[in-house]
Amino acid sequence: MTIDWSWISGHTDDLTTLTVSHLQAALTAVFFGLLISLPLAVVAHRVRPLRGLLLGLSNILFTIPSIAIFVLLLPISGLTRTTTVIGLTVYTLVVLLRNTVEGLDSVPAKTKEAAKAMGTRPLRTLLTVELPLALPVIMAGVRIATVMSISLVSVATYIGDGGLGQLFTDGFQRNYPTPVIVGVVLTLLLAVVADALLVAIQYVLTPWKRRRA
Amino acid sequence: MYELFKNLGSWLTSGAQWSGSDGIAHRLAEHLQYSLLATLIAMAIGLPLGLLIGHTGKGAFLAINLASFGRALPTVGLVVLVFLASGLSMTPVYVSLVALAVPAIVTNTYAGMTAVDPDVKDAARGQGMRGHQVLFQVELPLALPLIMTGLRLALIQVVATATIAAYVSFGGLGRYVFDGLAQRDLVQVLGGAVLVAAVAVVLDLALSGLQRFLFRHRTA
């Protein structure tokens, strides 16, 4: 199996478009995943009986195969980018929800009591005390969800989307390995770069963690 | 929409759909066969590796990075790549499924081993137990719940992903998904998807129930 370098140099525009579209699908999914799981995690953290229910539900959603989720969405949203993003979002929920709940759990009770004693209102405590302290655990979840989404986007190639995944179908149909190799390498690269960027973002967002190191 | 679900219902429940070589029963058996064999191969690779890394404490870097590499590797791309390299055989299917399962097994086995209380290991050594005795009689039993979680996660992921066998012209429940997509037969596609999802969810519930039963006397 050899790489046809001239194919790569002749398709740089296509590759750029596919990479951008791939990343866009993954990041949109993580964004909506956070948008949904943050409030749910706060509820799960505060209301004990709902906790098992919400975490269990997200676990069950996670066991549904990604191809099945995409296909099951077809009658609702058809062969569109929306289907891809909804499917990926469902997958991010289990990681994001679990990590956010664990992150909120990890905030010391004394810190919360101190905030209360200082007269900080509950919402303000949540936004300025609890969430920032939970950030490292939440960010660990965001990193996993992002890497996972980037890898899963290619499954959506079966429903006509899939970003870099289209290179896999293309190479498969033409019995031509170069696009497939390029697709795998670019997906791995995207994952590595996105993960490194998230580490950098976390470093910037948690200045109090740095002094210890 | 209603019509679609009605058709899906009759597709799933008709006797003719369940029998024959393209019947649900046969496809289900194929699907389970691929999944179980792939998970067994992955166990043979992942368990010794995870135990070794956990016992010696060497290669922890590998164990952690293997997990993120496994998450990042696109299975669809891998199966096509191995298919183009090896031709029409079950190899691409098993390579991709094993590659998917090994990281989950290694990292959970490793996590289970590192969670064993160091005092307990010291006590075992202090009683004169040898390295392999500590590993098999102390660390392994204590790490077992997490190891089983890893195996369960791996199996569920493999079951979910074994649909790709049909993409490279083999059987399993993915057959319905890909044939249906090619024939623009949405009922068949949905039927396949529902079956795969049901198998994954049922297996997950059954195995986590088994786990709870086996380790019911443990507090942690």
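Proteins come first, then strands; the chains are lettered A, B, ... in the order of their sequence lines, and each starts at number 1. Everything numeric here is computed off the predicted structure, so don't read it as measured data.
- Using modelled atom types, one side-chain atom of S151(A) and one backbone atom of R71(B) make a donor-acceptor pair closer than 3.5 Å.
- Each side chain to side chain donor-acceptor pair (under 3.5 Å) pair with one or both residues in residues 13-23 of chain A, not counting sequence neighbours, appears once here: S21(A)-R81(A).
- For the set I150(A), T146(A), L72(A), the entry with the most heavy-atom pairs within less than 4.5 Å of chain B is L72(A).
- Using a 4.5 Å cut-off between heavy atoms, A191(A) contacts chain B through its side chain alone, with no backbone atom that close.
- For I156(B), the part sitting under 4.5 Å from any heavy atom of chain A is the side chain, from C-beta outward, and nothing else.
- Counting only heavy atoms from C-beta outward, the side chains of Y158(A) and V76(B) approach each other to under 4.5 Å.
- Of the listed residues (V192(A), T157(A), V153(A), T169(A)), the greatest number of heavy-atom pairs within a distance under 4.5 Å of chain B belongs to T169(A).
- With a 4.5 Å cut-off on non-hydrogen atoms, L164(A) does not touch chain B at all.
- Of the two parts of L79(A), only the side chain, counted from C-beta on, holds a non-hydrogen atom closer than 4.5 Å to a non-hydrogen atom of chain B.
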CA sep, side-chain torsions, deciding dist, call: V177(B), V71(A), side chain to side chain contact (heavy atoms under 4.5 Å, CB included) = CA-CA 8 Å; V177(B) 176; V71(A) 168; 4.1 Å; yes
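- For a residue to count as touching a neighbouring chain, one of its non-hydrogen atoms must lie under 4.5 Å from one of that chain's; by this rule S149(A) does not touch chain B.
- Evaluation of the ring pair (Phe, Tyr, Trp, His ring centres under 6.0 Å) test over residues 64-105 of chain B, restricted to residues two or more places apart or in two chains, returns F172(A)-F83(B).
- Of all heavy-atom pairs between I64(A) and A197(B), the closest is CG2-CB, 3.7 Å.
- The candidate from V159(B), V189(B), V194(B) with the greatest count of non-hydrogen atom pairs under 4.5 Å with chain A is V189(B).
- Within residues 163-175 of chain B, the residues approaching chain A closer than 4.5 Å by heavy atoms are, in numerical order, T163(B), I164(B), Y167(B), V168(B).
- When V199(B), T75(B), L153(B), V196(B) are compared by the number of non-hydrogen pairs under 4.5 Å with chain A, V196(B) comes out ahead.
- For a residue to count as touching a neighbouring chain, one of its non-hydrogen atoms must lie under 4.5 Å from one of that chain's; by this rule L190(B) touches chain A with backbone and side chain alike.
- In this structure, chain A has heavy atoms under 4.5 Å from both the backbone and the side chain of L73(B).
- A heavy-atom distance below 4.5 Å is found between the side chains of I181(A) and L81(B).
- Interface residue L74(A): only side-chain heavy atoms are found under 4.5 Å from chain B.
- For residues 192-213 of chain B, the set of pairs meeting the salt bridge (charged side-chain N to carboxylate O under 4.0 Å, His left out) definition, not counting sequence neighbours, comprises R152(B)-D204(B).
- With a threshold of 4.5 angstrom between heavy atoms, Y176(A) approaches chain B through N, CA, C or O but not through any side-chain atom.
- Residues P75(A) and L186(B) come closest through the heavy atom pair CG-CD2, 4.2 Å.
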